[in-house]
Amino acid sequence: MTTTPELDDPSTDPFLVARAAADHIAEATGIDGHDMALVLGSGWGGAAELLGDVVAEIPTHEIPGFSRPAVAGHVATTRSIRVERVDGSVRYALVLGSRTHLYEGKGVRRVVHGVRTAAATGAQALVLTNGCGGLQPDWSPGTPVLIADHLNLTATSPLEGATFVDLTDLYSTRLRDMARRVDPTLPEGVYAQFPGPHYETPAEVRMAGTLGADLVGMSTTLEAIAARHAGLEVLGLSLVTNLAAGISATPLSHTEVIEAGQAAGPRISALLADIAKAV
Ligand code: 8IG
């Protein structure tokens, strides 16, 4: 057992903790390197089974730098999955069944630790999924949407110091094209991340729409920034689980969110598996 440097200590290099986490994953799974990683957000939990054979499953909180999930309905396991691609070649996918949200107050390093760990395992591509609110009235709950770009409204960054990273094409055009070949009906939208944990007011949703947002949520943008910095190619997939506040007449409920996720589960799980097999 190696000692893990404390992620929250400013003098700790977060990439060293990610290295330790990747080493733990390699030892626990027996897979020396992973090719891609997926983060499963609200509604996307069922996808892992369809990806391929589960090589190993580890409790996420046992991996250096990870904490226990705070949101009910999130699965706290990290799986290594053997993905057989359409051409018969094999890829190993690291599937993170939960994420740390900014609203948990554990700091932005925790929020992006999974992404940095994925990069340290060797992953080249990252699929970030989430459940979110939709601003387009015709995107009914259960609609999957490709993230084309984002608005980071959290007033923070996962990058520290003078780390200038280009975010043009952050959500890879190549991977979006690939996803659309799997499902040509997939719409695209701009995702705005609010800090949460409360949902927006109708005025805030109107503001987000004026700024160019189609989707509102509480995750993903900080992870995408950290992923780009770590050299990963990013694909973002949102599941609209509710119309954003004020877009529909009914108030938001967490139950509604969970139910929309469950109803859309089979379709979006198959979609995600097919995309992962094409990446
Ligand atoms: I699921 O309407 C889900 N997550 N900010 N707004 C925000 N986050 C969300 C929403 C929503 N629905």
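First listed ligand is number 1; within each ligand, the first listed atom is number 1. Only this structure's heavy atoms are used, side chains among them; waters, hydrogens and symmetry mates stay out.
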If only side-chain N and O atoms count, and only distance matters, is there a donor-acceptor pair under 3.5 Å linking Thr12 with Glu6? no
Proximal ligand 1 atoms for Gly131, defined as those under 4.0 Å from one of its heavy atoms: 1 (I), 3 (C), 4 (N)
Distance under 4.0 Å to a non-hydrogen atom of Met218: what atoms of ligand 1 satisfy this? 5 (N), 7 (C), 8 (N)
Show, in sequence, the C-alpha distance, side-chain angles and deciding distance for Glu104 and Arg110, and conclude whether the salt bridge (charged side-chain N to carboxylate O under 4.0 Å, His left out) test is met. CA-CA 10 Å; Glu104 291 174 52; Arg110 299 262 167 199; over 6 Å; no
Provide, to 0.1 Å, the distance between atom 8 (N) of ligand 1 and the closest protein heavy atom, together with that atom's residue and name. Gly217 CA, 3.3 Å
Give a yes or no on whether the backbone of His24 and the side-chain of Glu27 come within a donor-acceptor separation of less than 3.5 Å. no
What is the closest protein heavy atom to atom 2 (O) of ligand 1, and at what distance does it sit? Asn242 ND2, 2.9 Å
Under a 3.5 Å distance rule, please check whether Arg85 uses its side chain to pair with a backbone N or O of Ala278 as donor and acceptor. yes
Please state whether Ser42 comes within less than 4.0 angstrom of ligand 1, counting heavy atoms only. no
Counting only heavy atoms, which portion of Asn130 has something under 4.0 Å from ligand 1: side chain, backbone, both, or neither? neither
Ligand 1 to His198 polar contact by distance, N or O atoms, under 3.5 Å: no
Regarding His229 and Thr163, do their side chains bring together a donor and an acceptor under 3.5 Å, going by distance alone? no
Donor-acceptor pair, side chain of Arg176 and main chain of Gly236, under 3.5 angstrom: no
Using a 4.0 Å heavy-atom cut-off, which part of Cys132 comes near ligand 1: side chain, backbone, both, or neither? backbone
Of all the atoms in ligand 1, which lie at a distance below 4.0 Å from a heavy atom belonging to Glu200? 2 (O), 5 (N), 6 (N), 7 (C), 11 (C)
Strictly by modelled atom types, are Asp214 and Gln136 linked by a side-chain donor-acceptor pair under 3.5 Å? yes
Atom 9 (C) of ligand 1 - nearest protein heavy atom and its distance: Tyr199 CE2, 3.6 Å
Which part of Val216 is near ligand 1, with near meaning a heavy atom under 4.0 Å away: side chain, backbone, both or neither? both
Atoms of ligand 1 close to Thr241 [distance to a heavy atom under 4.0 angstrom, numbered from 1]: 1 (I)
Mark yes or no for whether Trp44, through its side chain, and Asn130, through its backbone, hold a donor-acceptor pair below 3.5 Å. yes
